[in-house]
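Structure first, then comments.
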Amino acid sequence: DQQVKQNSPSLSVQEGRISILNCDYTNSMFDYFLWYKKYPAEGPTFLISISSIKDKNEDGRFTVFLNKSAKHLSLHIVPSQPGDSAVYFCAASAKWSNFGNEKLTFGTGTRLTIIP
Amino acid sequence: ETGVTQTPRHLVMGMTNKKSLKCEQHLGHNAMYWYKQSAKKPLELMFVYSLEERVENNSVPSRFSPECPNSSHLFLHLHTLQPEDSALYLCASSQDWGSEAFFGQGTRLTVV
């Protein structure tokens, strides 16, 4: 059973507009969430994170929103640029828990294409 | 430069071959990971080493064997693989378990 879900495999957005990537999770013990960006033939690159004590974290053009009651987070990119075209992975972990063997659990990714 | 280096970048091997993937990190991290990325599937965690101790994912077949000789190096030894093992194998490291992971560029493995 997939604990982290990215239901949109792909998304196309016009350059300059806002890109919104969504992620849902099922494990209520997750308390730390991350977004990774991946270009072809490269490993994923860490982009931005948020802990469950916050509902928003902003870093330049990237903002992550967390809705704990809905078990939903989203990544907003504004304005979108051609270089943002990549696959975006959502990941979650129970970083602050004492489960011992906790690890990052990844979604399947969303391919974002920015149209010039 | 990601700080995590994987070699080789590409590998083609027969089902009877034995090969090894290598990962190196100079970030001073305590945890290192092997992930497998197959098409249309989430990144699958294969192995975790934390402070050079291994936590094994029980669903990983024994034809994959990790080795962590020190905190900076991680190997994945491969033997008698199957065609369905063809995938992108990613190494990552993080300061601690579950914190931001830094990934290498991956090894594209093809089993013929």
Side-chain angles (χ1 to χ4, degrees), chain A residues 1-10 23-27 29-52 57 59 62 64 75 86-111, chain B residues 1-10 21 23-25 27 29-51 53-60 74 87-109:
Chain A
D1 183 36
Q2 227 170 296
Q3 297 186 65
V4 178
K5 300 177 184 179
Q6 293 178 256
N7 292 317
S8 298
S10 63
C23 179
D24 298 293
Y25 61 97
T26 58
N27 188 340
M29 299 308 298
F30 286 144
D31 52 16
Y32 189 60
F33 305 89
L34 309 90
W35 284 95
Y36 286 82
K37 177 179 180 180
K38 184 181 182 301
Y39 292 117
E42 293 185 15
T45 303
F46 170 71
L47 195 57
I48 192 169
S49 65
I50 188 168
S51 74
S52 59
N57 188 25
D59 183 3
F62 303 92
V64 56
L75 174 68
V87 176
Y88 289 79
F89 289 96
C90 171
S93 79
K95 181 180 182 182
W96 309 110
S97 76
N98 293 318
F99 281 77
N101 290 349
E102 283 306 311
K103 57 190 182 294
L104 288 179
T105 302
F106 284 86
T108 50
T110 297
R111 180 175 300 281
Chain B
E1 173 58 54
T2 65
V4 180
T5 305
Q6 286 185 246
T7 54
R9 293 292 309 279
H10 301 273
L21 309 184
C23 177
E24 193 171 346
Q25 61 96 2
L27 300 169
H29 288 165
N30 295 321
M32 294 187 76
Y33 313 79
W34 280 115
Y35 283 88
K36 176 183 178 184
Q37 186 181 17
S38 304
K40 299 182 181 179
K41 287 187 176 180
L43 285 170
E44 300 172 64
L45 180 65
M46 300 176 72
F47 301 103
V48 179
Y49 274 84
S50 178
L51 297 174
E53 289 188 17
R54 185 170 86 185
V55 175
E56 187 168 357
N57 183 327
N58 291 332
S59 64
V60 181
L74 185 65
L88 180 68
Y89 288 85
L90 291 159
C91 173
S93 71
S94 65
Q95 188 60 49
D96 301 293
W97 243 330
S99 58
E100 292 90 324
F102 293 80
F103 285 83
Q105 293 179 299
T107 295
R108 174 67 63 186
L109 174 67

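In what follows, chains are A, B, ... by sequence order, proteins preceding strands, each numbered from 1.
- Contact annotation for A:Phe89: only side-chain heavy atoms (C-beta onward) come within less than 4.5 Å of a heavy atom of chain B.
- A donor and an acceptor atom, one from each side chain of A:Tyr36 and B:Glu100, are nowhere located under 3.5 Å apart.
- Heavy-atom distances place the side chain of B:Leu90, and not its backbone, under 4.5 Å from chain A.
- Within the 4.5 angstrom heavy-atom criterion, only side-chain atoms of B:Gln37, from C-beta onward, approach chain A.
- Counted within 6.0 Å of CZ on B:Arg9, heavy atoms from surrounding residues, nucleotides or ligands total more than 12; the atom is thus considered enclosed.
- Taking the six-membered ring where the residue is Trp, B:Phe103 and A:Phe106 present perpendicular rings, their angle passing 60° and hence far from 30°.
- A heavy-atom distance below 4.5 Å is not found between the side chains of B:Leu43 and A:Lys38.
- Rounding to the nearest 0.5 angstrom, the gap separating the CG atom in A:Leu104 from the OH atom in B:Tyr35 is 4.5 Å.
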